[in-house]
Amino acid sequence: MASTVIGAGIIIEGEVSADEDIVVQGVIRGKLDAKEGVTVEAGAVVEADISGGPLTVAGSVTGNITSTDRVELQAGARVVGNVKATRITIADGAQFKGNVDMDV
Amino acid sequence: MALLTVIGRGVRVRGRVTGEADLTIEGHVEGEVAITGTVTVDGDGIVGANINGRVVVVRGAVKGDLVATDAIRLEEGARVVGSIRAPRIAIAKGALVRGHVQTGTHPHAQSSTSSASRSKAQPARAAAPQVAPPPRAVAAPVAVKRPAPPVMASRTIPAPPPHAVKIAPKGPPPPTVPALKKGAKGALKKKAT
């Protein structure tokens, strides 16, 4: 279990910066800066630009995503925004609208 | 995993944290916290925000007002600067508090987390009592005449008419007990016997 969990039922409006893994099950509006992994679980809503390490999305993200590692959009994910990452996977059943920018 | 939220050691939140769940803070939070469950500020947690919750448990540092609808527990290692208000408050040995402490059921505390307006109404209401000190400038001339606690002074301001204030500095106040003439005491004693 990651040490930081934004549980379901929690709403954060503002800026979140994390030096450790972070799991989002609730709502974040604003900005999410992480140095490590970010997991947006099913049912979570993130209306924020996300930057961080490996990123896994199963919930809803509205905002631009920047990752120094891989981005994984799982089935059921809904992402509106641009994605910039070194690696990216989009699972069958994930909804995605935006540009993809991969360092080549 | 149900309604468990942890803001870990390496995490900093700047803004508003609201919701219906329990919250444990081990990192930094600046802004405002309004939760309908239990808020725990852990030993390493640092909060620069007013905290509203049902139960608030503090082992870390908080700068801001604490309001709970059920209870507040300040455990060893807690450092709180701000007023705390709840029906039940426990302050353990080794906890530091600087601010106003109020226990008991309170109409404001009861309503603070029951409606959607809780987060907006709270800071202003909490700040209000601290902002109104007794008017000290007006109390100064009264203090020359008779030293009195500030609460009394502010109450007696309207009482003395303007001339009383002018006379006061000219001389010492009239003696309250009339001075007896020389030998009067002896005369009285003689009469009695």
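The sequence lines fix the lettering, A, B, ..., with proteins before strands; numbering per chain opens at 1.
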Is there a side-chain contact between [X] and [Y] (heavy atoms, below 4.5 Å)?
X: V17(B); Y: I10(A); answer: yes
X: I12(A); Y: R16(B); answer: no
X: V11(B); Y: V16(A); answer: yes

Joint cluster assignment, [X] & [Y], ILVMFWY side-chain distance < 4.5 Å:
X: V57(B); Y: L96(B); result: no
X: V38(A); Y: I90(A); result: yes
X: V97(B); Y: V41(B); result: yes
X: I46(B); Y: V33(B); result: no
X: I88(A); Y: V79(A); result: yes

Is there a donor-acceptor contact under 3.5 Å from the side chain of T5(B) to the main chain of I6(A)? no

So, taking the atom named [atom1] in [X] and the one named [atom2] in [Y], what distance separates them when rounded to the nearest 0.5 Å?
X: T4(A); Y: R9(B); atom1: OG1; atom2: CZ; answer: 9.5 Å
X: R14(B); Y: E13(A); atom1: CZ; atom2: CD; answer: 16.0 Å
X: S17(A); Y: H28(B); atom1: OG; atom2: NE2; answer: 9.5 Å

Could you check whether atom CZ of R78(A) has more than 12 heavy atoms from other residues, nucleotides or ligands sitting under 6.0 Å from it? no

Using a 4.5 angstrom heavy-atom cutoff, name the option from G26(A), A34(A), A18(A) with the most pairs to chain B. A18(A)

Scanning both residues in full, the closest heavy-atom pair of A21(B) with A8(A) reads CB-O, 4.0 Å

